[in-house]
Amino acid sequence: MSSEVDLPAQAAAGFCGEAETVYPMRLQRFLARAGVASRRGSENLMTAGRVTVNGAVVTELGSKVDPRCDEVAVDGLPVKWGSAPVTLMLHKPAGVLTTMDDPRGRPTVAQLVPVDRYPGLYPIGRLDGDTTGLLLFSTDGRLGHGLLHPSHHVSKSYLACVDGAPSEGALERLREGVLLDDGMTAPARAELLAGQEAEAALALLAVPEDGAPSGTGERRRMLAEARRKNRSVVRLVLSEGRKHQVKRMLAAVGHPVLALHRERFGPLGLGSLAQGDWRELSADELCELEGALAHGAPSR
Ligand code: URA
């Protein structure tokens with residue numbers, strides 16, 4: 001019995017659909033959220049007699065524990081509660097739902113991130129099923145809550161492939177605020193991309209639904225098709241996050257969205273992260289996110 005079971009833990013209250021943590025809590029939930037095993041795996045550990053609370057073996061699945069005062073151990077090794085939370089970004093592909101569980105069995109983001117290793121992971125906000133791009137996950141409820149709270153105005157930058165080419169007047173309307181059925185939108189940044197930037201964005205937005213990397217020939221074909229069909233790319237940077245907001249705003253100014261990608265969340269970008277891949281945030285990126293919460297995120 002040497003060191004502690006030193007695993008990442010869900011440190012704080014839940015968010016994005018997860019109920020606030022109430023103490024005492026069920027022992028298997030505690031184990032899962034401390035990163036020991038999945039909920040089912042934790043139940044197996046308990047029924048196998050490998051879990052103790054304050055030195056006594058607990059096999060009863062309904063047993064409760066208070067992480068603030070009870071000492072839980074697995075195979076004699078103490079389980080830490082409240083150690084470093086985990087925050088990561090996923091490059092979400094199209095055709096995947098932003099939910100941790102779909103009763104209808106459709107593909108979800110939960111299948112793309114390491115929920116077994118970090119059971120308390122939850123998405124920070126959501127992207128539509130057909131939207132690609134940067135989606136943050138965290139076990140840190142405080143961070144998730146803060147980043148989504150409207151008072152912090154953390155910016156999100158989107159690239160939207162739209163039907164037609166918005167005029168300067170339409171862009172100005174997007175900047176000043178558009179009347180949607182749930183009220184006026186806050187001021188936003190809106191620009192029509194041109195030249196190489198537009199071409200790069202069109203290539204990014206035209207990635208096939210199955211996420212397969214497109215070859216040079218295929219990419220050229222898609223770009224040509226986009227030009228032929230008079231599509232263009234708008235960068236829209238929002239400081240609020242209403243449901244389907246980008247699609248509704250662009251539809252309201254007469255340019256329905258054909259494909260949508262989130263390129264930045266606050267100060268963070270995807271860099272070279274491939275579609276379908278995830279990576280943990282670096283210490284610097286976490287500091288930048290905290291900075292965005294404190295001061296509002298700088299946007300490009
Ligand atoms: N706005 C939308 O319309 N869809 C998204 O997925 C994100 C923002």
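What you see below is based on every heavy atom in this structure, not just the backbone, and it leaves out hydrogens, waters and symmetry mates. Being a predicted model, the structure only gives us computed values, none of them experimental. Ligands are counted one by one from 1 in listed order, and the atoms in each one are counted from 1 as well.
For the residue pair Gln245 and Tyr158, no side-chain donor N or O sits within less than 3.5 Å of a side-chain acceptor on the partner.
Heavy atoms only, all atoms of each residue included: Leu127 and Leu134 are closest at CD1-O, 3.8 Å. Of all heavy-atom pairs between Val154 and Gly266, the closest is CG1-CA, 3.7 Å. Nearest approach of Leu171 to Pro166, heavy atoms of both residues: CD2-CB, 4.1 Å.
If you look at Lys247 next to ligand 1, the close heavy atoms, those under 4.0 Å, come from the backbone and the side chain alike. Counting heavy atoms closer than 4.0 Å to ligand 1, residue Leu260 contributes side-chain atoms (C-beta onward) but none from N, CA, C or O. Looking at Asp128 against ligand 1, both its backbone and its side chain come within 4.0 Å, counting heavy atoms.
Of all the listed residues (His261, His244, Arg126), His244 holds the heavy atom that lies closest to atom 2 (C) of ligand 1.
Any N or O atom pair closer than 3.5 Å counts here, and Thr131 shares at least one such pair with ligand 1.
With Leu159 as the partner, the side-chain contact (heavy atoms from CB on, under 4.5 Å) test is satisfied by one option alone out of Glu197, Arg262, Glu263: Glu263.
The nearest protein atom to atom 1 (N) of ligand 1, hydrogens excluded, is given as Val246 N, 3.2 Å; this is a heavy-atom distance.
Shown in contact with Tyr158 at under 4.0 Å from a heavy atom are these atoms of ligand 1, numbered in order with element: 7 (C), 8 (C). For ligand 1, the atoms sitting less than 4.0 Å from at least one non-hydrogen atom of Gln245 are 1 (N), 2 (C), 3 (O), numbered in the order shown with element in parentheses.
Taken to the nearest 0.5 Å, the CG atom of Leu250 stands 10.5 Å off from the SG atom of Cys161.
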